[in-house]
Amino acid sequence: MVGGVPLPRSFYCRPSLVVAPELLNKVLVAGGSRGRIVEVEAYAGPLDPASHAYRGPTARNATMFGPPGHLYVYFTYGMHYCANAVTGANADGQAVLLRALAPLAGLARMHERRPAARRTIDLASGPAKLCQALGIGPEHDGTDLVRGRVRILDDGAEPPTTPGVSTRIGITRAVDRPWRWFVPGDPNVSR
DNA sequence: TAAAAGATCCCCT
DNA sequence: GGGGATCTTTTAT
């Protein structure tokens with residue numbers, strides 16, 4: 001099938017450390033555009049000092065402690081939004097940050113929403129860029145990724161057999177944990 | 001009540 | 001390669 005089918009709920013009902021690398025090469029769809037996920041980071045829950053879930057539920061991170069397979073959108077740096085897939089068991093506080101996409105379709109819409117992007121490679125090569133490109137904002141926090149207006153599809157592409165691995169970007173705590181995965185060689189990977 | 005930091009991006013040099 | 005933008009949430013006093 002050309003467009004792909006939504007990943008089932010069961011896909012998300014596993015630890016973020018397992019789900020994250022398997023999200024590589026899946027397809028994120030929103031706002032009439034779509035892109036292939038080429039970079040992710042796992043946030044492991046209340047025991048992960050770098051996670052928003054550290055120290056338990058708050059108003060901001062409530063979606064992280066909701067059912068898996070939903071979208072956690074947060075505001076940061078006074079001007080940016082970032083998107084995560086909630087994983088694990090219910091109320092685990094685990095999530096996978098979507099860090100970069102390879103644009104697949106709806107590129108004209110992406111450019112409209114991201115006037116600063118001069119090339120295709122600038123459209124979604126970062127966690128806040130991809131939200132802007134696909135029109136993902138605070139109104140999408142809590143969206144069901146299986147049935148909602150933002151979805152993640154399986155179009156048959158396999159994750160890389162040997163993904164790139166590194167420590168997570170932009171954090172100041174638990175900086176040593178190798179919980180970032182990416183598609184090696186893809187130009188949209190942010191670093 | 002105040003202060004600082006933040007899962008970033010963009011433009012300038 | 002470096003710093004400013006910009007404002008919510010968190011953390012300290």
Side-chain angles (χ1 to χ4, degrees), chain A residues 12 15-21 23-24 28 30-31 33 35 37-66 68 70-88 92-103 110-143 145 150 152 163-183 187-191:
Chain A
Y12 301 97
S16 58
L17 296 180
V18 173
V19 173
L23 277 172
L24 293 176
L28 181 65
S33 299
I37 298 168
V38 296
E39 179 184 349
V40 296
E41 284 178 358
Y43 288 85
L47 297 180
D48 177 1
S51 174
H52 291 170
Y54 192 52
R55 295 186 178 115
T58 66
R60 178 203 204 188
N61 67 20
T63 299
M64 292 185 86
F65 288 91
H70 288 243
L71 191 71
Y72 167 50
V73 179
Y74 67 88
F75 182 68
T76 191
Y77 288 109
M79 65 190 90
H80 296 305
Y81 293 96
C82 296
N84 302 249
V86 176
T87 77
D92 263 6
Q94 299 188 32
V96 176
L97 173 66
L98 307 177
R99 285 199 57 93
L101 304 177
M110 293 193 196
H111 275 287
E112 287 173 13
R113 289 182 287 237
R114 273 191 51 67
R118 313 195 60 178
R119 305 164 297 173
T120 301
I121 194 180
D122 299 318
L123 284 175
S125 55
K129 294 181 196 175
L130 75 86
C131 282
Q132 194 180 357
L134 269 57
I136 295 173
E139 69 275 22
H140 296 101
D141 184 40
T143 296
L145 290 169
V150 179
I152 301 179
V165 184
S166 84
T167 55
R168 295 174 290 182
I169 293 175
I171 58 172
T172 59
R173 297 179 297 199
V175 295
D176 55 315
R177 303 183 192 185
W179 290 349
R180 168 177 175 261
W181 290 269
F182 56 95
V183 176
N188 298 282
V189 172
S190 65
R191 192 187 307 174

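Computed over heavy atoms, backbone and side chain alike; hydrogens, waters and symmetry mates excluded. First the proteins, then the strands, lettered A, B, ... as listed; each starts at 1.
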Under a cut-off of 3.5 Å for both distances of each Watson-Crick or G-U pair, what dot-bracket string does DNA chain C give, using [ ] for crossing pairs and | for inter-strand pairs? |||||.||||||.
If we check salt bridge (charged side-chain N to carboxylate O under 4.0 Å, His left out) with A/E41, which of these qualifies: A/R99, A/R177, A/R168?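 Going through the options one by one, the only one that passes is A/R99.
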Note, [X] side chain near [Y] side chain (heavy atom, < 4.5 Å):
X      : Y      : value
A/E39  : A/S166 : no
A/I136 : A/T143 : no
A/I152 : A/L28  : yes
A/Y43  : A/I171 : yes

With A/R119 via salt bridge (charged side-chain N to carboxylate O under 4.0 Å, His left out) - residues at least two apart: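 For A/R119, the residues satisfying salt bridge (charged side-chain N to carboxylate O under 4.0 Å, His left out) (neighbours in sequence not counted) are A/D122.
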Within the side chain of [X], is there an N or O that forms a donor-acceptor pair under 3.5 Å with the backbone of [Y]?
X      : Y      : value
A/T87  : A/S16  : yes
A/N188 : A/A100 : no
A/Q132 : A/R114 : no

Quick one: label A/R118 by what it contacts on the DNA or RNA (base, sugar-phosphate, nothing), any heavy atom closer than 4.0 Å.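 Contact class for A/R118: none.
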Within the 4.0 Å heavy-atom criterion, would you say A/A116 contacts the bases, only the backbone, or no part of the nucleic acid?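 If one applies the 4.0 Å heavy-atom cut-off, A/A116 turns out to touch the sugar-phosphate alone, with no base involved.
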Between A/A83 and A/A117, which residue's closest nucleotide on DNA chain B lies nearer the 5′ terminus?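 Nearer the 5' end of the strand: A/A83.
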For A/F182, does the six-membered ring have the charged nitrogen or CZ of A/R191 within the cation-pi criterion, i.e. under 6.0 angstrom from the centroid and within 45° of the normal?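 No cation-pi geometry.
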Closest heavy-atom pair and its distance - A/P21, A/V40: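 Taking A/P21 first and A/V40 second, the nearest heavy atoms are N-CG2, 4.5 Å.
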Which pair of non-hydrogen atoms, one from A/D48 and one from A/Y54, has the smallest distance, and what is that distance?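 Looks like O-CB, 3.5 Å.
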Ring pair (Phe, Tyr, Trp, His ring centres under 6.0 Å) involving A/Y81 - partner list, sequence neighbours excluded: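 Expected list: A/F75.
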Between the protein and nucleotides 1-9 of chain C, are there any N/O to N/O pairs under 3.5 Å, and if so, what are the atom names and distances?
| from | atom 1 | to | atom 2 | distance (Å) |
| --- | --- | --- | --- | --- |
| C/dT6 | O2 | A/Y77 | O | 2.6 |

Sub-4.0 Å heavy-atom contacts from residues 169-178 of chain A onto DNA chain B, ordered by number: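 Residues of residues 169-178 of chain A that come under 4.0 Å of DNA chain B are, in numerical order, A/I169, A/G170, A/I171, A/T172.
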Nucleotide range of DNA chain B lying under 4.0 Å from chain A heavy atoms: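 Listing 5' to 3', DNA chain B meets chain A from B/dG6 to B/dC10.
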Rounded to whole angstrom, note down the P distance from B/dA7 over to C/dA12.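 It comes out at 16 Å once rounded to the nearest Å.
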